[in-house]
Amino acid sequence: MEMELAEIMETEGLTPEDVQDIDEIEDFNKILPMEVSSEVPGMEKAIICGDPIRLGDELDFQQGFDNPYGAFGTCGLNAISNICHIGGKDVSEVEVVEYAMENGLCTRDDPKFHGGGTTIGQQLRLLDHYGFPSHCEFSEVASSERLAAAIEGGHGVLLGLNSGLLQDREWKIYNDAGEITATHAVCLTGTVRDVETGELKGFYLCDSSSQSPEGGRVFVTLEEFDECYSDVQGSYAVITDDPIRGA
């Protein structure tokens with residue numbers, strides 16, 4: 001496992017300082033308000049946190065297509081733009097794409113599908129540039145409950161997961177080696193809990209490759225979340241070091 005992690009860190013351009021393991025993480029203080037909602041699919045009533053339904057109308061749900069480079073493998077850059085918005089900064093995806101392209105912080109020499117792709121290290125550098133210092137936690141550390149605490153604590157969260165499993169598109173699940181790996185980045189926006197017990201039931205996220213207005217507020221049950229994130233090789237979370245809202 002150590003060898004695998006070392007290889008991932010080298011591929012993703014990460015230093016030991018970029019990654020926090022279980023012995024280094026600190027608890028998040030929950031600061032965002034909870035509200036009872038009847039709008040969560042499949043639940044008569046639920047407790048939601050993070051105002052994800054409203055945010056879904058504001059966030060950029062469609063990656064690529066409108067940048068001068070013709071790149072649309074820009075899911076990570078899109079998620080960074082959305083984190084900026086949540087944090088109160090008006091930074092469009094096009095602006096993030098242009099800055100990343102001009103500063104060697106994304107894939108530039110592979111046009112169209114892969115153009116604009118980012119490593120975890122590049123995502124960290126970009127968020128720092130926009131004023132949101134962040135760190136990486138792989139899914140062995142960033143469990144569903146920890147991610148829920150991060151969201152409820154007002155932190156920005158970019159998630160690396162498997163797009164095929166998220167979107168129920170079988171042709172996108174496996175890589176060329178037949179492995180199920182993290183292939184897509186999304187912005188995590190809210191939590192959903194049981195109204196009586198407080199048990200975590202799922203998350204809201206913005207999926208920029210859904211190509212649908214509803215992509216800004218996708219509800220994923222905890223079972224679905226585990227399938228596309230928790231059980232996926234190389235899945236990770238980029239979490240802002242400080243709260244970006246509600247503080």
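Without hydrogens or angle criteria, R217 side chain to P52 main chain gives no donor-acceptor distance under 3.5 Å. Of the possible polar contacts, one joining the N175 side chain to the E179 backbone as a donor-acceptor pair under 3.5 Å is found. Without hydrogens or angle criteria, Q63 side chain to F72 main chain gives a donor-acceptor distance under 3.5 Å. Side-chain atoms of E10 never come within 3.5 Å of backbone atoms of E7 as a donor-acceptor pair (strictly under, hydrogens ignored). Judged purely by atom type and a 3.5 angstrom limit, S37 has no side-chain atom pairing as donor or acceptor with the backbone of I48.
For residues 31-51, the pairs satisfying salt bridge (charged side-chain N to carboxylate O under 4.0 Å, His left out) are D51-R54, with sequence neighbours left out.
Between the side chains of Q123 and T118, at least one donor N or O sits under 3.5 Å from an acceptor N or O. A donor-acceptor pair shorter than 3.5 Å cannot be found between the side chains of S81 and E93. No hydrogens or angles considered: a donor-acceptor pair under 3.5 Å links the side chains of D207 and Q167. For the residue pair S134 and T240, no side-chain donor N or O sits within less than 3.5 Å of a side-chain acceptor on the partner.
Residues passing the side-chain hydrogen bond (donor to acceptor under 3.5 Å, both in side chains) test with S92 are E95, sequence neighbours excluded. Under the rule for a side-chain hydrogen bond (donor to acceptor under 3.5 Å, both in side chains), the partners of D18 that lie at least two apart in sequence or sit in another chain are T15, R125. For H184, there are no ring-ring contact (aromatic ring centres under 6.0 Å, His included) partners two or more places apart in sequence or in a different chain. A search for ring-ring contact (aromatic ring centres under 6.0 Å, His included) contacts involving F61 returns nothing, not counting sequence neighbours. Every ring-ring contact (aromatic ring centres under 6.0 Å, His included) that F28 has, sequence neighbours left out, goes to H155. Residues satisfying the ring-ring contact (aromatic ring centres under 6.0 Å, His included) criterion with Y229, sequence neighbours excluded, are F225. Listed by chain and number, the residues in a salt bridge (charged side-chain N to carboxylate O under 4.0 Å, His left out) with R193 are E145, E152 (sequence neighbours excluded). Scanning for side-chain hydrogen bond (donor to acceptor under 3.5 Å, both in side chains) contacts around S235 gives S139, with sequence neighbours left out. Applying the side-chain hydrogen bond (donor to acceptor under 3.5 Å, both in side chains) rule to D176 yields no partners; only residues at least two apart in sequence or on another chain are considered.
In this pair, Y99 and H129 present their aromatic rings parallel. The plane angle is below 30°, not in the 30 to 60° band.
Y236 has its side chain out of reach of E137: every pair of non-hydrogen atoms, C-beta onward, lies at least 4.5 Å apart. For the pair H135/V19, no side-chain contact is recorded, criterion being any heavy-atom separation below 4.5 Å from C-beta on. Looking at heavy atoms from C-beta onward, V192 lies out of side-chain contact with I47 at the 4.5 angstrom threshold. The shortest distance between side-chain heavy atoms of L222 and L200 falls below 4.5 Å. Here the side chains of D231 and D226 are in contact, with some heavy-atom distance below 4.5 Å.
When the shell of 6.0 Å around CG of D57 is examined, it contains more than 12 heavy atoms from other residues, nucleotides or ligands. In N29, the CG atom is not crowded: 12 or fewer heavy atoms of neighbouring residues, nucleotides or ligands sit closer than 6.0 Å. Heavy-atom contacts from other residues, nucleotides or ligands closer than 6.0 Å to CG of D21 number more than 12.
The heavy-atom pair separating L159 from L188 by the smallest distance is CD2-CD1, 4.2 Å. Among all heavy-atom pairs drawn from P68 and V94, the shortest one is CD-CG1, 4.3 Å.
Annotation: the span from N162 atom CG to R169 atom CZ amounts to 12.0 Å, rounded to 0.5 Å. To the nearest 0.5 Å, the span separating CD1 on I120 from CD1 on I8 amounts to 7.5 Å.
Under the side-chain contact (heavy atoms from CB on, under 4.5 Å) rule, Q122 has a single partner from L127, L105, L77, which is L105.
Other cluster members for I22: I25, V141, joined by side-chain heavy-atom distances under 4.5 Å among Ile, Leu, Val, Met, Phe, Trp and Tyr. Residue W171 belongs to no hydrophobic cluster, having no ILVMFWY side-chain heavy atom closer than 4.5 Å to its own.
The pair E170-K172 does not meet the salt-bridge criterion, since no charged nitrogen lies less than 4.0 angstrom from a carboxylate oxygen.
Within the cation-pi definition used here (under 6.0 Å to the ring centroid, within 45° of the axis), K201 does not qualify as a partner of F219.
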